[in-house]
A.B. asks: 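Before I ask anything, here is the structure I am working with.
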Amino acid sequence: MNVYETFKAKDLLAANTYGGRGIMIGKSADGTKAVFAYFIMGRSENSRNRIFIENGDEVIINAFEPEKLADPTLVIYSPVRVSGNSTIVTNGDQTDTIYDFLEAGKSFEEALETREFEPDAPNLTPRISGILNFEGEDFKYKMSILKSGTPDGAVCNRYTYSYTPVAGLGHYIHTYNCDGNPIPTFTGEPERIEIPDCIECFTNDLWEGLNEDNKVSLYVRFIDLKTGKYESRLINKNK
């Protein structure tokens, strides 16, 4: 096995009909941009009844048809928030936990020590989180997954991965290995993916790679490392 093998994100997405929710973070091929992407998928009507909305430099999730929202728990949250020189992206309301800890001068890891996987037995969906920390004209990033260590959810295991960015390289972590019942939790390290220079190309590839039946929303941001300005793309299946 080649531990340095890097994959096209579109191919990884296309090979998995239900990755659940996913975070990708890395550096553009020309080395000038910090990049992240976040997507959500859904199997139930409640999970599919969602849209992403940009609110300044943050992203929020709303119900597409509020009258059909059966339960907001675990499906309505802010996946992207910014605190100082840090950008947070997660698959749940731990975004707010991390934000509050950073504002109090504490760390990403300290925040996640207070959280665990989602209480949605029998799936026990992992909480996945990422953070981009900017300094000067560069950045570093971390990814985390909190997942059950036993089938009954008796313990929570916490894994954090820290990365020094490499031009053209990113890492991808998602909640599920594949579809199933219960759905198999993600295992192993975040997968290595190619990060291009073109936000339009990257966004289109990701959206096309996601399973047509299960994809719900996608958000992509390219942040210029010199200026701090960013471009973003947002796609909602519900229109």
Side-chain angles (χ1 to χ4, degrees), residues 1-16 19 21-40 52-59 79-91 95 98 102 108 128-145 160-174 186 188-210 215 217-236:
M1 179 180 178
N2 180 2
V3 296
Y4 300 111
E5 186 174 6
T6 305
F7 301 91
K8 291 186 180 297
K10 180 179 180 179
D11 293 341
L12 291 178
L13 294 175
N16 186 354
R21 286 162 277 172
I23 298 170
M24 299 177 182
I25 306 177
K27 184 182 261 189
S28 62
D30 62 9
T32 67
K33 308 286 196 310
V35 175
F36 74 85
Y38 179 63
F39 68 80
I40 59 175
F52 284 174
I53 299 173
E54 272 193 292
N55 181 27
D57 56 15
E58 300 180 357
V59 177
V80 178
R81 296 191 70 182
V82 175
S83 171
N85 293 328
S86 298
T87 298
I88 308 155
V89 53
T90 90
N91 75 327
T95 309
I98 296 167
L102 294 181
F108 179 70
I128 55 173
S129 307
I131 188 166
L132 297 82
N133 296 312
F134 295 89
E135 186 173 349
E137 293 184 359
D138 211 343
F139 75 111
K140 292 186 177 180
Y141 62 98
K142 297 179 180 180
M143 295 182 128
S144 163
I145 184 167
T160 302
Y161 304 90
S162 300
Y163 299 102
T164 298
V166 175
L169 175 66
H171 291 88
Y172 166 42
I173 194 167
H174 43 104
F186 178 87
E189 294 186 17
E191 297 165 296
R192 294 164 59 94
I193 59 169
E194 297 175 5
I195 303 288
D197 295 330
C198 171
I199 186 172
E200 208 72 56
C201 305
F202 192 50
T203 302
N204 290 340
D205 277 354
L206 298 185
W207 190 246
E208 289 173 9
L210 288 166
K215 65 185 179 184
S217 296
L218 168 68
Y219 182 80
V220 179
R221 183 179 293 182
F222 275 46
I223 306 162
D224 189 287
L225 291 171
K226 284 190 175 182
T227 67
K229 295 180 180 179
Y230 66 82
E231 278 190 88
S232 63
R233 298 290 185 272
L234 185 156
I235 304 177
N236 290 311

A.B. asks: Salt bridge (charged side-chain N to carboxylate O under 4.0 Å, His left out) with Lys140: which residues, sequence neighbours excluded?
C.D. replies: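 Salt bridge (charged side-chain N to carboxylate O under 4.0 Å, His left out) check on Lys140 returns nothing, list empty.
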
A.B. asks: Identify, with sequence neighbours excluded, every residue that meets salt bridge (charged side-chain N to carboxylate O under 4.0 Å, His left out) alongside Asp197.
C.D. replies: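 So Asp197 forms no salt bridge (charged side-chain N to carboxylate O under 4.0 Å, His left out) with any residue.
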
A.B. asks: Return the OG to CZ distance between Ser86 and Arg81, rounded to the nearest 0.5 Å.
C.D. replies: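 Separation between the atoms: 13.0 Å.
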
A.B. asks: Where do Ser217 and Asn236 come nearest, in terms of heavy atoms and distance?
C.D. replies: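 So the two residues come closest at OG-OD1, 2.6 Å.
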
A.B. asks: Can you tell whether the side chains of Glu137 and Lys226 come within less than 4.0 Å, N to carboxylate O?
C.D. replies: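 Between Lys226 and Glu137 there is no salt bridge, as every charged N stays at least 4.0 Å from the carboxylate O atoms.
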
A.B. asks: Mind running side-chain contact (heavy atoms from CB on, under 4.5 Å) on Val80 and Thr95 for me, showing each step along the way?
C.D. replies: CA-CA 7 Å; Val80 178; Thr95 309; over 6 Å; no

A.B. asks: Closest approach of Ala29 and Ala167, non-hydrogen atoms and distance?
C.D. replies: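 Closest heavy-atom pair between Ala29 and Ala167: O-CB, 3.5 Å.
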
A.B. asks: Under the side chain to side chain contact (heavy atoms under 4.5 Å, CB included) rule, collect the residues that match up with Glu191, sequence neighbours excluded.
C.D. replies: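 Partners of Glu191 under the side chain to side chain contact (heavy atoms under 4.5 Å, CB included) test: Leu12, Tyr172, His174, Phe186.
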
A.B. asks: To the closest 0.5 Å, what do you measure between CD1 (Ile193) and CD1 (Ile173)?
C.D. replies: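 Spacing of CD1 (Ile193) from CD1 (Ile173) equals 12.0 Å.
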
A.B. asks: If you take all heavy atoms of Gly56 and Tyr230, which pair is closest and at what distance?
C.D. replies: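 Here Gly56 and Tyr230 meet closest at O-OH, 3.3 Å.
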
A.B. asks: Residues in ring pair (Phe, Tyr, Trp, His ring centres under 6.0 Å) with Phe139, at least two apart?
C.D. replies: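 For Phe139, the residues satisfying ring pair (Phe, Tyr, Trp, His ring centres under 6.0 Å) (neighbours in sequence not counted) are Phe134, Tyr141.
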
A.B. asks: Please assess Val82 against Thr87 for the test side-chain contact (heavy atoms from CB on, under 4.5 Å), listing each intermediate value before the final yes or no.
C.D. replies: CA-CA 4 Å; Val82 175; Thr87 298; 3.9 Å; yes

A.B. asks: Tell me the closest heavy-atom pair linking Leu102 and Ser83, and the distance in Å.
C.D. replies: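 Smallest heavy-atom distance, with atoms named: CB-OG, 3.6 Å.
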
A.B. asks: Could you give the distance from CD1 (Ile23) to CE (Met143), rounded to the nearest 0.5 Å?
C.D. replies: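 One gets 6.0 Å once the value is rounded to the nearest 0.5 Å.
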
A.B. asks: Hey, can you pull the donor-acceptor pairs under 3.5 Å for the side chains in residues 199-209, sequence neighbours left out?
C.D. replies:
unit_1, atom_1, unit_2, atom_2, d
Glu200, OE1, Arg233, NE, 2.9
Glu200, OE1, Arg233, NH2, 3.2
Thr203, OG1, Ile199, O, 2.7
Asn204, ND2, Glu200, O, 3.2
Glu208, OE1, Lys10, NZ, 2.9

A.B. asks: Kindly compute the distance separating CG (Leu169) from OG1 (Thr6), expressed to the nearest 0.5 Å.
C.D. replies: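 Reported to 0.5 Å precision, the distance equals 5.5 Å.
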
A.B. asks: In the structure I gave you, are the side-chain heavy atoms of Tyr161 and His171 within less than 4.5 Å of one another anywhere?
C.D. replies: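 Tyr161 does not reach His171 side chain to side chain.
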
A.B. asks: Is Asp57 salt-bridged to Arg221, cutoff N-O under 4.0 Å?
C.D. replies: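 Salt bridge absent between Asp57 and Arg221.
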
A.B. asks: Assess, by modelled atom type and distance only, whether the side chains of Ser129 and Thr90 contain a donor and an acceptor separated by less than 3.5 Å.
C.D. replies: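 No donor-acceptor contact under 3.5 Å links the two side chains.
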
A.B. asks: Say you draw a straight line from CD1 of Ile88 to CG of Asn133; how long is it, rounded to the nearest 0.5 Å?
C.D. replies: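 Taking CD1 in Ile88 and CG in Asn133, the distance rounds to 9.0 Å.
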
A.B. asks: Find out whether Ser144 and Phe108 are in side-chain contact, i.e. whether some heavy atom of one side chain is under 4.5 Å from a heavy atom of the other.
C.D. replies: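 Answer yes - side chains close enough.
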
A.B. asks: Side chains of Leu132 and Phe36: does their closest heavy-atom pair fall under 4.5 Å?
C.D. replies: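 SC-SC contact between Leu132 and Phe36 confirmed.
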
A.B. asks: How far apart are the C-alpha atoms of Asn91 and Tyr38, what are their side-chain angles, what is the distance that settles it, and do they pass the side-chain contact (heavy atoms from CB on, under 4.5 Å) test?
C.D. replies: CA-CA 8 Å; Asn91 75 327; Tyr38 179 63; 3.3 Å; yes

A.B. asks: When you compare the side chain of Asp224 with that of Lys33, does any pair of heavy atoms fall below 4.5 Å?
C.D. replies: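 They are in contact (side-chain heavy atoms under 4.5 Å apart), so the answer is yes.
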
A.B. asks: Hey, what do you get for CG (Asn16) to CG (Asp11), rounding to the nearest 0.5 Å?
C.D. replies: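 One finds 13.0 Å between CG of Asn16 and CG of Asp11.
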
A.B. asks: Under the salt bridge (charged side-chain N to carboxylate O under 4.0 Å, His left out) rule, collect the residues that match up with Arg21, sequence neighbours excluded.
C.D. replies: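 Result, salt bridge (charged side-chain N to carboxylate O under 4.0 Å, His left out) vs Arg21: Glu118.
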
